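Heads up, the thing below is written out as structure tokens.
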Amino acid sequence: MKISTTLIAVALLAGVVGDTMAQANEQFIGLPSYRVGAYAAGGSGIYGGWIDYMTLINERDGGVNGVKLSWEECETEYNNARGVECYERMKKKGSTGNSVFQPLSTGITYSVLDKVAADKIPLVTIGYGRTDAADGRVFPWVFPMITTYWSQATTMVKYIGSKEGGLDKLNGKKIAYLYHDSAYGKEGLAVLEKQAQKYGFTFVPLAVAHPGNEQQSQWLKIRQEKPDWVILWGWGVMNPTALKAAAKTGFSREKMVGVWWSGAEEDTIPAGDASKGFTAAGFNVAGANYPVVKAIQDHVYKKNKGNMEDKSRIGSVYYNRGVVHGIITVEAMRTAQAKFGKKPLNGDEMRWGFEHLHIDAKRLKELGAEGFMPDLKITCNDHEGSGKVKYQQWDGKQWKVVSDWIEPDREMVRPMIEESAAKYAKEKNITPRDCSKEG
Amino acid sequence: MQFFFEVLIGGLLSGVMYSFVALGFVLIYKASGVFNFAQGAMVFAAALTFVGFQELGVPFWLALLIAFGVMVVLGILTERIVLRPLVNQPPITLFMATIGLTYVIEGLAQGAWGANVRGLELGIQDEPIEWLMETANISVSKFDLFGAGVAALLVTLLALFFQYTRIGRALRAVADDHQAALSIGIPLQQIWRIVWAVAGFVALVAGLIWGARNGVSFSLTFTALKALPVLILGGFTSIPGAIVGGLIIGSTEKLAEVYLGEYVGGGIDSWFPYVMALAFLLVRPEGLFGEKHIDRV
């Protein structure tokens with residue numbers, strides 16, 4: 001009896017020690033995902049792609065320079081309170097604590113904005129969150145990377161301009177802005193008003209109440225106003241409803257340009273034929289033929305280790321957006337390891353990695369992501385990166401790329417970012433960093 | 001003036017869509033005095049089940065039948081597991097139970113069929129009627145007219161069912177007085193099961209119409225929010241009230257959004273119906289067609 005008890009104790013101890021040793025050489029990444037609730041379709045696609053990319057790194061490369069990635073999901077249901085709960089629950093997990101927090105929700109981003117600085121955990125918000133956090137001097141812990149809503153809005157005007165034959169041809173045109181009546185939807189207002197003044201087009205904002213499943217009044221207004229173009233800044237059910245309503249009103253989908261949260265298969269398929277011809281912005285493209293996606297299929301799905309239950313979604317806009325999240329996280333880790341050593345990193349070290357992240361065209365090719373996402377270079381001053389956006393058009397069955405990477409109007413956007421960030425710094429009594437003194 | 005009529009007609013047709021969901025609430029409240037918070041979730045679950053079976057290759061009518069069967073089973077289980085143990089409890093307890101039921105139904109539906117957003121085609125195009133467009137320049141959707149037709153048919157069937165069938169009369173008796181109905185041998189639990197099954201059928205029809213309009217996604221649960229002001233206005237116990245309330249709410253919210261929206265920043269059609277319903281409550285607390293409640297003290 002005594003012997004067996006001792007054996008069990010030894011076995012348990014060996015298990016615990018082994019587990020701790022394994023954890024000691026693993027990089028923990030907490031994933032505040034949402035796979036149920038109103039936004040589950042987006043969450044399951046993005047977190048699925050992200051997890052698959054991390055599995056690829058573990059399976060194919062044996063981790064990042066020998067450091068395996070480990071993760072744990074915490075269901076937020078896109079709810080702010082749950083998001084904060086997940087943040088607290090995960091922040092001390094793993095051998096170094098949670099090294100990065102990416103909630104895929106602007107609301108949760110705002111809720112943890114002050115906490116991340118205190119806990120020294122970088123907050124990475126790719127394609128959402130606070131635009132003015134791109135000013136790294138005021139927001140050292142926040143990274144609204146690749147591109148922001150304001151940059152995107154200016155590329156929309158550039159794209160429309162290109163379709164009209166040049167930006168000078170926008171003078172006298174009318175552009176309606178059909179937006180989700182929330183902080184997210186209102187993000188585009190100020191910058192588009194400025195663009196209207198700059199290029200001489202008439203700007204017609206039209207708010208749609210949450211959730212956006214009823215838009216008849218707004219489309220009747222559109223019928224009355226007769227705009228040349230409609231910018232759709234929607235989310236969830238608002239997108240297919242808008243596309244259906246456009247068809248009902250007889251407004252050409254060829255003249256509708258959507259925000260990147262309007263441009264996924266989940267937005268177009270429910271609207272059926274009404275979606276054909278609709279164009280949307282994106283900081284990643286759709287498609288399963290990119291080498292990085294093929295590598296996931298070869299090294300992850302062939303071993304039955306994939307995260308997606310519905311494999312037809314591999315290569316979709318949301319799935320590929322998740323892969324982009326994975327690439328950025330892993331590349332930041334690689335960058336930080338070059339300075340701090342090939343070991344699991346804490347939040348502070350990861351923050352340095354994000355702030356010195358440079359993914360150029362050469363690196364994108366090595367990653368198998370050429371044309372899949374834009375190049376980017378993060379600095380102490382600029383936490384956004386390139387700001388580039390590509391446009392895709394729905395042909396009735398799939399998204400087809402219809403533009404090159406479009407540069408934002410930085411001359412307009414950057415001063416707006418700095419002005420807003422300075423205002424925030426004043427409110428919060430923050431002294432902006434002097435980037436010339438940062439290592 | 002032509003534009004005014006276009007807004008008005010569009011609003012009336014939208015109102016009919018709200019009435020679909022309101023009908024489900026009315027049926028259950030009428031028969032059991034329970035405000036079924038889970039009606040929106042039932043709309044979602046019914047549509048998702050229908051589309052889910054269609055994706056598996058099941059033909060349209062069979063998928064419709066199976067989805068109806070699932071809703072009947074759900075109704076029976078709700079009566080057996082949720083309502084029966086709570087008989088004689090205060091209405092607020094039953095209401096709270098239906099809130100819990102909402103999350104259970106949402107979770108079960110997503111668990112069974114996944115969280116993907118799906119399209120749903122009923123074969124009716126959501127596009128303007130051409131001759132109306134050409135002759136009067138008024139845009140009225142074929143699909144909205146189809147929805148109005150289905151609503152008219154549904155209300156007629158329900159009215160006939162309540163008025164002329166034995167079960168319908170029993171339902172009305174239960175609605176009037178539970179104790180009296182029980183004392184003359186009307187089986188309360190069986191009536192509840194039937195009414196939940198009928199509410200499930202109404203949820204299925206609402207789910208198909210709304211799903212064909214906007215896609216089948218979790219947001220179908222939000223349709224319940226549109227039904228609440230309709231209920232306040234039309235009364236919680238009246239089937240014609242759900243229709244008339246829907247027409248009033250639909251038309252006024254559209255007119256308000258188009259003509260007043262720009263002065264208050266737009267997007268007022270989410271709260272304007274509630275303001276209207278609350279104002280109406282001050283004048284007629286029981287709603288347009290609700291039964292006036294008189295207590296003898």
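Every chain is numbered from 1, with letters handed out A, B, ... down the list of sequences. No hydrogens, no waters, no symmetry mates; every other heavy atom, side chains included, goes into these values. What you see is a predicted model, and the numbers here were worked out from it, not measured in a lab.
Proximity to chain A (any heavy atom under 4.5 Å) is shown, for B/Ala256, by neither the backbone nor the side chain. There is no contact between A/Leu206 and chain B, counting heavy-atom distances below 4.5 Å. In this structure, chain A has no heavy atom under 4.5 Å from any part of B/Met17.
Partners of B/Phe218 under the ring pair (Phe, Tyr, Trp, His ring centres under 6.0 Å) rule, at least two apart in sequence or in another chain, are B/Phe44. Every residue meeting the ring pair (Phe, Tyr, Trp, His ring centres under 6.0 Å) condition with B/Phe60, not counting sequence neighbours, appears here in chain and number order: B/Phe50.
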Hey, what donor-acceptor pairs show up under 3.5 Å between chain B and chain A?
from     : atom 1 : to       : atom 2 : distance (Å)
B/Glu6   : OE1    : A/Arg223 : NH2    : 2.8
B/Glu6   : OE2    : A/Arg223 : NE     : 2.5
B/Glu6   : OE2    : A/Arg223 : NH2    : 3.4
B/Ser14  : OG     : A/Glu214 : OE2    : 3.1
B/Ser14  : OG     : A/Gln216 : OE1    : 2.5
B/Gln110 : OE1    : A/Gly37  : N      : 3.0
B/Gln110 : NE2    : A/Gly37  : O      : 3.4
B/Asn116 : OD1    : A/Arg313 : NH1    : 3.0
B/Asn116 : ND2    : A/Asp310 : OD2    : 3.0
B/Asn137 : O      : A/Arg223 : NH2    : 2.8
B/Asp144 : OD2    : A/Lys248 : NZ     : 3.2
B/Ala212 : O      : A/Lys244 : NZ     : 2.8
B/Arg213 : NH1    : A/Glu214 : OE1    : 2.9
B/Asn214 : OD1    : A/Thr241 : OG1    : 3.4
B/Asn214 : ND2    : A/Asn213 : O      : 3.1
B/Lys254 : NZ     : A/Glu214 : OE2    : 3.4
B/Glu262 : OE2    : A/Lys221 : NZ     : 3.2

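The candidate from A/Ala207, A/Gly212, A/Ala40 with the greatest count of non-hydrogen atom pairs under 4.5 Å with chain B is A/Ala207.
Other residues, nucleotides and ligands contribute only 12 or fewer heavy atoms inside 6.0 Å of the CE atom of B/Met96.
For the salt bridge (charged side-chain N to carboxylate O under 4.0 Å, His left out) condition, no pair includes a residue of residues 37-47 of chain B, sequence neighbours left out.
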